[in-house]
Amino acid sequence: MGSKQSLRFALAAGLAGLAWGFARHRRDPRAASFAVLQALEWFVAYGGAVALIEMVRGALDEDDDLEVTERITHIRQTVFDQASGEG
């Protein structure tokens, strides 16, 4: 699933969580707080945070103004032992 599609799915889950939170806590004076918390939980659970991070990372990777640098992550050193000349 693409990141935009994942984000839409997570937003839909968040809206459903908001509605569920209001319905579940409708008699509580802190119903709005509980509903927002439920929406946030469902948004994160259905991949909303991951989708947002992927979109930001993709936007940063597509930026042509950034200087491309190479990163050295591993150095291998090979030592050859040359035997003395035969003679």
Side-chain angles (χ1 to χ4, degrees):
M1 203 180 324
S3 62
K4 286 186 179 183
Q5 190 176 8
S6 295
L7 184 60
R8 283 189 215 133
F9 182 67
L11 285 172
L15 288 174
L18 188 68
W20 174 253
F22 271 120
R24 186 172 181 203
H25 300 284
R26 62 184 167 270
R27 292 188 181 103
D28 194 311
R30 298 174 295 170
S33 298
F34 285 125
V36 169
L37 182 60
Q38 185 71 52
L40 184 60
E41 286 176 355
W42 286 17
F43 177 77
V44 171
Y46 284 93
V50 173
L52 285 176
I53 291 170
E54 284 179 2
M55 288 180 67
V56 169
R57 187 178 303 268
L60 289 176
D61 287 343
E62 291 174 1
D63 192 5
D64 295 333
D65 295 337
L66 293 177
E67 182 180 323
V68 177
T69 59
E70 290 186 23
R71 196 174 349 165
I72 298 175
T73 58
H74 185 75
I75 297 175
R76 180 183 299 185
Q77 181 178 10
T78 306
V79 178
F80 293 100
D81 185 23
Q82 295 183 351
S84 304
E86 293 179 29

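Hydrogens, waters and symmetry mates are skipped; everything else that's a heavy atom, side chains included, is used. FYI, the numbering just counts along the sequence from 1.
Residues G47 and A10 approach most closely at C-CB, 4.1 Å, considering heavy atoms.
Every residue meeting the side-chain contact (heavy atoms from CB on, under 4.5 Å) condition with L37, not counting sequence neighbours, appears here in chain and number order: E41.
Note that the CG atom of L7 and the CZ atom of F9 stand 12.0 Å from one another [nearest 0.5 Å].
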Identify each donor-acceptor pair in which a side-chain atom of residues 11-34 lies under 3.5 Å from a protein atom, sequence neighbours left out, and give them as a table.
residue, atom, partner, partner atom, Å
R26, NH1, A23, O, 2.3
D28, OD1, R30, N, 2.8

